[in-house]
Amino acid sequence: MASYIARTCSGILRLNVTTRSGFPRYLSAEPKKYENILVEKKANDGCVGFIQLNRPKALNSLCDALIRDVNDALDDFEKDEKVGCIVITGNEKAFAAGADIKEMQNNTLVSCLRSNFLNHWSRVANNKKPIIAAVNGFALGGGCELAMMCDIIYAGDTAQFGQPEILLGTIPGAGGTQRLTRIVGKSLAMELVLTGDRINAQTALAAGLVSKVVSKESVVEEAIKTAEKISKNSQLTVALAKEAVNTAYETTLAEGLHFEKKIFHSTFATEDRKEGMTAFVEKRKANFKNQ
Ligand code: HXC
């Protein structure tokens, strides 16, 4: 075990311990403080990483600094071996009302090209650990796109989803024409993208955009419950399963089935696969060690 001191961007000193598995384990009692998000660990043993978007006055519109905060928090949760699943939420009025229009207002093609605008938005989609979006209120534009970058979406009964960029003279830029079309099909995606209209939680459920609708008061709790359940499984196998499901979006069926079989075979190299099947035969609960 190696230990070292690291200074975070907020100036908090952390003692990082590198475990035998090579993952640093943060021992800081103080959660990091961010300007645009609140971050903590939830569930009894802190196995759920929790990120709350926190720009309520701007309906959680996604300014550049907020996305950087989210990315930084995800980096920490990905390294934290205790965290098995992550929940991202907003507040009762808004998950996020889109990219920050005021920040984008004076962008030019040249400034977009120079800054590679939106390049760092893909961190959520590329996270190794599963992420659940718990959506209340507006999930519009980049807010809807952020939810779709997550692996599971739960909606409160007052949630509204939409891609209103067309009303601003632009188009979705972080997956609204691509992920939305793959999820809900061409007709509904086209309607939302071309009109800027919104759909409610029930329509989103019927279209397969969200997997569960609950009361707005309980959506975060439901998401945390599911995240905790996922965290109790082998993190190794969960990461492989997530990769296999996501591959369905990237390849032909034949290639996907081939990939799935290879991943399935590879689980037989893990201690957790052995433990899972042995526990079943011995009629006890599996004790996964992520090995
Ligand atoms: C910046 C925003 C904002 C946004 C709301 N606000 N959405 N600021 N960017 N996307 C600010 C308002 O300016 C206002 O600030 C405050 O939040 C409250 O908003 P209101 O409009 O007064 O609230 P309400 O009347 O309840 O209307 C809610 C709303 C509306 C329907 C969600 O705010 C709205 O239409 N927002 C824009 C939605 C949108 O077009 N999203 C797509 C953005 S483009 P002040 O200071 O005036 O009180 C996008 C591109 C993605 O996402 C590309 C890839 C990332």
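Values in this document were obtained by computation on a predicted structure and should not be read as measured data. Order of appearance sets the numbers: ligands from 1, and atoms from 1 within every ligand. Values reported hereafter were calculated over all heavy atoms of this structure, with side chains retained and with hydrogens, waters and symmetry mates removed.
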query: Tell me, do V193 and I166 make a side-chain contact under 4.5 Å, heavy atoms counted?
result: no

task: Among all protein heavy atoms, pick out the one at the shortest distance from atom 26 (O) of ligand 1; state its residue, atom name and that distance to 0.1 Å.
output: K93 NZ, 2.9 Å

query: Which protein heavy atom lies closest to atom 12 (C) of ligand 1, and at what distance to 0.1 Å?
result: K102 NZ, 4.0 Å

task: Begin from the C-alpha positions of E35 and R68 and carry the test salt bridge (Lys or Arg N to Asp or Glu O under 4.0 Å) through to its verdict.
output: CA-CA 10 Å; E35 205 183 323; R68 288 184 193 283; over 6 Å; no

message: For E103, state whether at least one heavy atom is located under 4.0 Å from any atom of ligand 1.
response: no

query: Short N/O distance, under 3.5 Å, between I171 and ligand 1?
result: no

- prompt: atom 37 (C) of ligand 1: which protein heavy atom is closest, and how many Å away?
  reply: I101 CD1, 3.8 Å

- line: for atom 6 (N) of ligand 1, nearest protein heavy atom and its distance come out as A58 O, 3.8 Å

message: I need the nearest protein heavy-atom contact for atom 21 (O) of ligand 1: residue, atom name and distance, please.
response: L59 CD1, 4.9 Å

message: Using a 4.0 Å cutoff against the non-hydrogen atoms of L168, which atoms of ligand 1 qualify?
response: 40 (O), 43 (C), 44 (S)

- prompt: Any side-chain heavy-atom pair from D75 and R123 closer than 4.5 angstrom?
  reply: yes

- request: Indicate, as side chain, backbone, both or neither, the part of A99 found under 4.0 angstrom from ligand 1 when only non-hydrogen atoms are considered.
  value: both

task: Just jot down the ligand 1 atoms closer than 4.0 angstrom to any heavy atom of P164, in number order.
output: 39 (C), 40 (O), 41 (N), 42 (C)

message: Run V135 and V210 through side chain to side chain contact (heavy atoms under 4.5 Å, CB included) and show every step you take.
response: CA-CA 9 Å; V135 176; V210 310; over 6 Å; no

- prompt: What atoms of ligand 1 come closer than 4.0 angstrom to any heavy atom of L118?
  reply: 54 (C), 55 (C)

field: Check: T251 side chain, T247 main-chain N or O, donor-acceptor pair, under 3.5 Å
entry: yes

field: Subset of ligand 1 atoms that lie under 4.0 Å from at least one heavy atom of E145
entry: 51 (C), 53 (C), 54 (C), 55 (C)

- prompt: Just which atoms of ligand 1 are under 4.0 Å from any heavy atom in A174?
  reply: 54 (C), 55 (C)

task: Report the nearest protein non-hydrogen atom to atom 48 (O) of ligand 1: residue, atom name, distance rounded to 0.1 Å.
output: K57 O, 4.8 Å

- prompt: Who gets closest to atom 39 (C) of ligand 1 by heavy atom: P56, G141, G98, A97?
  reply: A97

Distance-only polar pair, side chains of S218 and E221, donor-acceptor under 3.5 Å: no

- prompt: Under 4.5 Å between any side-chain heavy atoms of V83 and K41, yes or no?
  reply: yes

Carboxylate-amine/guanidinium contact E222 K225, below 4.0 Å: yes

- prompt: Does some non-hydrogen atom of the protein lie less than 4.0 angstrom from atom 32 (C) of ligand 1?
  reply: yes

field: N36 and C63, any side-chain heavy atoms less than 4.5 Å apart
entry: yes

statement: The answer for which part of L167 has a heavy atom under 4.0 Å from ligand 1 is neither

message: Is any side-chain heavy atom of F50 closer than 4.5 Å to one of I224?
response: yes

query: At a 4.0 Å threshold, what atoms of ligand 1 neighbour a non-hydrogen atom of G173?
result: 53 (C), 54 (C)

message: To check your reading of the model: name the closest protein heavy atom to atom 34 (C) of ligand 1, its residue, and the distance in Å.
response: L140 CD1, 5.0 Å

- prompt: Tell me, which protein residue and heavy-atom name are nearest atom 4 (C) of ligand 1, and how many Å apart are they?
  reply: S61 CB, 3.5 Å

message: Pair K289, E275 - check salt bridge (Lys or Arg N to Asp or Glu O under 4.0 Å), show working.
response: CA-CA 9 Å; K289 301 232 165 65; E275 164 64 9; over 6 Å; no

query: Side chains of M148 and L180: does their closest heavy-atom pair fall under 4.5 Å?
result: yes

query: Counting from 1, what ligand 1 atoms have a heavy atom of W121 closer than 4.0 Å?
result: 55 (C)

message: Below 4.0 Å from ligand 1: does a non-hydrogen atom of R198 turn up there or not?
response: yes

- request: For the residue pair L146 and F95, establish whether any side-chain heavy-atom pair is separated by less than 4.5 Å.
  value: yes

message: Could you tell me if the side chain of Y249 sits less than 4.5 Å from the side chain of R179, heavy atoms only?
response: no

message: Would M104 count as a polar contact of ligand 1, with the cut-off being nitrogen or oxygen pairs under 3.5 Å?
response: no

For ligand 1, the portion of T170 having any non-hydrogen atom under 4.0 Å away: neither

